[in-house]
*Asks:* 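Pasting in a structure now, in structure tokens, and then I'll have a few things to ask.
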Amino acid sequence: QVQLVESGGGLVQAGDSLRLSCAASGRTFSSYTMGWFRQAPGKEREFVAVVSTNAGYTNHAESVKGRFTISRDNNKNTVYLEMNSLKPEDTAVYYCAAALRVGLPSSPSAYSDWGQGTQVTVSS
């Protein structure tokens with residue numbers, strides 16, 4: 001099991017940037033595939049981005065491709081989500097999640113551990 005704590009959310013204007021962080025503790029962080037998801041009010045949780053255990057592979061949702069970048073630092077047990085050119089439709093609670101599996105899963109059901117979430121609000 002791994003414990004996850006997100007930070008870096010806030011209220012910004014459209015076009016601004018934010019960097020989310022997710023600090024992990026517990027079992028070996030580098031063994032986990034790490035993902036970011038988000039959930040807006042009244043909507044289902046949706047996939048945002050995923051990074052492989054050694055950071056060699058990533059995948060991003062089409063809605064954020066070219067604007068968001070996922071990365072990780074295994075020395076710091078931290079995964080990041082760099083968000084640029086933010087839009088009002090990016091407003092949501094953002095969650096990081098950990099999966100002990102190969103590949104780059106985009107389904108929430110593939111992830112065993114979740115953080116508590118951090119709110120991102122983008123005003124127009």
Side-chain angles (χ1 to χ4, degrees):
Q1 187 177 5
V2 61
Q3 290 75 46
L4 305 172
V5 179
E6 301 96 335
S7 62
L11 171 63
V12 297
Q13 293 186 333
D16 285 350
S17 298
L18 274 177
R19 187 194 199 197
L20 304 184
S21 300
C22 174
S25 61
R27 292 181 60 181
T28 305
F29 176 72
S30 59
S31 299
Y32 287 84
T33 296
M34 297 299 298
W36 283 98
F37 292 79
R38 65 187 182 186
Q39 189 166 19
K43 296 187 177 181
E44 293 187 353
R45 192 166 298 190
E46 67 170 348
F47 166 75
V48 175
V50 58
V51 59
S52 62
T53 55
N54 65 357
Y57 298 94
T58 62
N59 188 32
H60 297 75
E62 286 298 322
S63 60
V64 306
K65 203 166 284 187
R67 299 187 299 122
F68 292 11
T69 303
I70 190 172
S71 62
R72 67 189 295 165
D73 185 339
N74 286 344
N75 292 322
K76 295 182 178 180
N77 283 10
T78 303
V79 61
Y80 304 97
L81 185 67
E82 186 74 36
M83 306 187 295
N84 299 313
S85 302
L86 282 161
K87 304 176 181 179
E89 50 263 44
D90 294 319
T91 295
V93 177
Y94 283 71
Y95 299 89
C96 70
L100 267 178
R101 58 188 298 165
V102 298
L104 298 174
S106 59
S107 170
S109 63
Y111 293 79
S112 56
D113 300 285
W114 293 80
Q116 83 289 348
T118 185
Q119 176 71 48
V120 172
T121 303
V122 185
S123 63
S124 58

*Asks:* For residues Val79 and Val51, report the shortest heavy-atom separation together with the two atoms involved.
*Replies:* CG2-CG1, 4.1 Å
*Asks:* What is the minimum heavy-atom distance between Val2 and Ala24, and which atoms define it?
*Replies:* CG2-CB, 3.7 Å
*Asks:* Once rounded to the nearest 0.5 Å, what's the spacing between atom OG of Ser52 and atom CG of Leu104?
*Replies:* 6.0 Å
*Asks:* I need the full list of disulfide bond (SG atoms under 2.5 Å apart) pairs touching residues 29-84, with sequence neighbours left out, sorted by first then second residue.
*Replies:* none
*Asks:* With disulfide bond (SG atoms under 2.5 Å apart) as the rule and sequence neighbours excluded, what pairs involving residues 52-124 come up?
*Replies:* Cys22-Cys96
*Asks:* From Leu11 CG over to Gln13 CD, what is the distance, rounded to the nearest 0.5 angstrom?
*Replies:* 8.0 Å
*Asks:* Going through the distances and angles, do Leu100 and Tyr32 end up as a side chain to side chain contact (heavy atoms under 4.5 Å, CB included)?
*Replies:* CA-CA 5 Å; Leu100 267 178; Tyr32 287 84; 3.5 Å; yes
*Asks:* Do Thr91 side-chain atoms and Val122 backbone N/O form a donor-acceptor pair below 3.5 Å?
*Replies:* yes
*Asks:* Where is the tightest heavy-atom contact between Ser17 and Asn84, given as atom of each residue plus distance?
*Replies:* OG-OD1, 2.9 Å
*Asks:* Under the side chain to side chain contact (heavy atoms under 4.5 Å, CB included) criterion, do Tyr95 and Leu4 qualify, and how do the steps go?
*Replies:* CA-CA 9 Å; Tyr95 299 89; Leu4 305 172; over 6 Å; no
*Asks:* Is there a continuous path of hydrophobic side-chain contacts, each under 4.5 Å between heavy atoms, that joins Val64 to Leu20?
*Replies:* yes
*Asks:* Quick check for you: to the nearest 0.5 Å, what is the distance between Thr118 atom OG1 and Leu81 atom CG?
*Replies:* 11.0 Å
*Asks:* Please answer whether the main-chain N or O of Ile70 pairs with a side-chain N or O of His60 as donor and acceptor at a distance below 3.5 Å.
*Replies:* yes
*Asks:* Between Phe37 and Tyr111, how do the two ring planes meet: parallel, tilted or perpendicular, split at 30° and 60°?
*Replies:* perpendicular
*Asks:* For atom NZ of Lys65, decide whether the heavy atoms of other residues, nucleotides or ligands shown that lie under 6.0 angstrom number more than 12.
*Replies:* yes
*Asks:* Can any side-chain N or O of Ser123 pair as donor or acceptor with the backbone N or O of Val12 at less than 3.5 Å?
*Replies:* yes
*Asks:* Do other residues, nucleotides or ligands put more than 12 heavy atoms under 6.0 Å from the CD atom of Glu44?
*Replies:* no
*Asks:* Between Phe68 and Trp36, is the ring centroid distance below 6.0 Å?
*Replies:* no
*Asks:* Could you report the tightest heavy-atom contact between Thr33 and Arg101, atom names first, then the distance?
*Replies:* OG1-O, 3.0 Å
*Asks:* Write down the atom of Val93, the atom of Gln119, and the distance for their closest heavy-atom approach.
*Replies:* CG2-OE1, 3.2 Å
*Asks:* Taking only residues two or more places apart in sequence, or in another chain, which ones meet Tyr94 in a side-chain hydrogen bond (donor to acceptor under 3.5 Å, both in side chains)?
*Replies:* Arg38
*Asks:* Which heavy atom of Ala14 sits nearest to which heavy atom of Pro88, and what is that distance?
*Replies:* CB-CD, 4.2 Å
*Asks:* Going by heavy atoms in the side chains, are Val120 and Met83 under 4.5 Å from each other?
*Replies:* yes
*Asks:* Please round to the nearest 0.5 Å and tell me the distance separating atom CD of Glu6 and atom CD of Gln116.
*Replies:* 4.5 Å
*Asks:* When rounded to the nearest 0.5 angstrom, what distance separates CD in Glu82 from OG in Ser21?
*Replies:* 9.0 Å
*Asks:* What distance do Asp16 atom CG and Ser85 atom OG have between them, rounded to the nearest 0.5 Å?
*Replies:* 9.5 Å
